[in-house]
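Model, not experiment: these values are computed from the prediction. Order of appearance sets the numbers: ligands from 1, and atoms from 1 within every ligand.
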Amino acid sequence: MKVLYAVSEARPFIASGGLADVAGSLPQALRKRLIGCRVVLPYYGTMPEELKSSLKFITHISVPVSWRRQYCGIFEGRHEGVIYYLLDNQYYFKRDQIYGHYDDAERFAFFSRAVLEILPHIDFMPDVIHCNDWQTALVPVYYTTMYASREGYENIKTVFTIHNIQYQGVYGREILGDVLGLQNADAPLLEYDNCINFMKGGIECANRVTTVSPTYAKEILDPWYSHGLDSILREREWKLQGILNGISHTLYDPETDKNLWAHYSAEKPENKAVNKMKLQESLGLSVREDVPLIGIVSRLVAHKGFDLVEAVLEELLTTGDVQFAVLGSGAWQYECFFREMANKYPEKLSFTQGFYPALAQQIYAGSDIFLMPSKSEPCGLSQMVALRYGSVPVVRETGGLKDSIHDSANGGGNGFTFASYNAHDMLATLRRALDGFKNKEGWGILMKRAMECDFSWRASANEHIKLYKELIRECGHGMDLAGF
Ligand code: GLC
């Protein structure tokens with residue numbers, strides 16, 4: 001079976017969020033299970049030089065973008081045994097930022113069209129093209145409108161995964177012809193709320209739609225979560241399914257992680273304390289093993305639940321013996337808030353603005369509790385990493401947080417959870433966790449249970465394979481298992 005995974009970012013080449021982690025690890029997990037999976041992404045100017053120089057040039061083609069034709073260089077790279085195709089056009093992709101340009105619609109229309117155009121040139125005709133988020137949502141649209149009956153393309157099936165429904169790729173209707181190269185008759189596939197909506201097009205045209213957790217798959221049918229797309233999703237519910245993401249257990253491993261001061265495991269957790277003290281020291285917090293240290297590693301944006309934190313943090317800092325290590329950047333409001341708290345309570349709260357991967361790992365390893373009170377969280381990977389490093393998650397029951405973290409109140413759970421989006425519910429839950437921390441023996445058991453949770457790609461890869469097989473069976477053509 002051959003799967004082409006089309007995506008706008010993938011580690012180690014380029015990353016702006018969790019999507020890149022998924023695209024950098026799910027294909028390896030599929031490949032280990034004998035599924036031929038290759039990845040295609042844009043060749044960005046900002047990729048690390050050593051990676052760029054390791055790429056092999058294959059050929060170049062010209063890709064139609066409405067009435068224009070644009071150069072498309074095809075480069076090939078390898079990461080952990082998986083082939084990655086990087087599609088080059090410097091006019092579109094040699095820019096400082098990967099997203100946020102006035103012509104993003106055209107850039108990703110070009111890329112989506114190119115994904116289909118390169119197929120005869122890469123010696124890999126996929127059974128399934130798996131697209132991700134609005135940037136590749138036009139692949140199923142172009143496939144349906146222009147390629148489905150082209151020779152050699154007839155049996156391809158498309159899957160579209162929503163990693164975050166908040167970002168849909170919404171543009172004026174005028175782009176339909178001159179930018180996307182589509183006919184007026186195709187407009188209903190993409191039109192939504194009097195705009196062109198890329199994500200809506202992906203939902204309409206893909207054979208199957210997935211999202212990154214079973215709970216989020218239900219939530220996005222509700223207007224509170226759907227950012228306007230609930231009615232179209234309810235109509236298409238029959239093809240929607242949630243598959244929880246995984247994390248790489250080799251990349252995230254406290255026994256081997258080079259960023260840590262000392263290594264440890266669920267069986268030998270003693271050295272976690274070394275990481276805690278070193279972290280406290282390096283962040284200027286008072287160095288004490290007995291005080292519970294709460295970690296936050298996040299983009300500082302509203303949907304991550306920071307208005308709850310803002311509402312009660314000072315109450316917690318002034319009434320409880322507790323410390324915080326916060327790492328992140330985002331909205332000015334939250335950056336200012338955490339900076340102010342760090343200035344006011346320097347021994348109790350440290351705030352590092354930005355994103356530093358090494359410090360992130362040190363916070364996972366050095367903290368006792370990991371806070372993620374998200375308003376919505378399609379999947380969330382940080383809570384899975386926190387579990388692996390023995391930092392017990394405190395989360396709101398939403399999306400992938402609900403599917404991966406279960407309250408330990410009735411025994412057997414791996415964290416602490418609260419349901420309603422309410423600051424004092426969060427505070428009460430944090431206090432339950434802080435009380436739990438005081439019972440050293442009980443906490444040790446909980447920590448071990450957290451570390452033993454298996455959120456590797458195993459289950460997720462198997463579910464993806466099941467989905468691909470179902471699609472191919474529906475299509476009724478033979479499967480070539482040695483597809484890579
Ligand atoms: C997006 C979502 C996040 C998810 C990630 C990978 O970044 O916001 O919850 O874990 O995609 O699917």
Please tabulate, one line per pair, the protein nitrogen or oxygen atoms found under 3.5 angstrom from a nitrogen or oxygen of ligand 1, with distances to 0.1 Å, or say none if there are no such pairs.
unit_1: ligand 1; atom_1: 8 (O); unit_2: N164; atom_2: ND2; d: 3.4
unit_1: ligand 1; atom_1: 9 (O); unit_2: E377; atom_2: OE2; d: 2.7
unit_1: ligand 1; atom_1: 9 (O); unit_2: C379; atom_2: N; d: 3.0
unit_1: ligand 1; atom_1: 9 (O); unit_2: G380; atom_2: N; d: 2.9
unit_1: ligand 1; atom_1: 10 (O); unit_2: G380; atom_2: N; d: 2.8
unit_1: ligand 1; atom_1: 12 (O); unit_2: H163; atom_2: ND1; d: 2.7
unit_1: ligand 1; atom_1: 12 (O); unit_2: N245; atom_2: ND2; d: 2.7

- Examine Y43 together with F93 and report whether their ring centres are nearer than 6.0 Å. no
- Task: Take the angle between the ring planes of F13 and H79 and call it parallel below 30°, perpendicular above 60°, tilted in between.
- Result: perpendicular
- Message: Under a 4.0 Å threshold between the charged nitrogen and the carboxylate oxygen, would E76 count as salt-bridged to R78?
- Response: yes
- Item | Quiz item: cation-pi between R339 and F351, 6.0 Å / 45° | no
- Item | Salt-bridge contact K157-D127 (side-chain N to carboxylate O under 4.0 Å) | no
- Any pair with a residue in residues 448-461 that passes salt bridge (charged side-chain N to carboxylate O under 4.0 Å, His left out), sequence neighbours left out, goes on the list, sorted by first then second residue, please. K448-E452, D454-R458
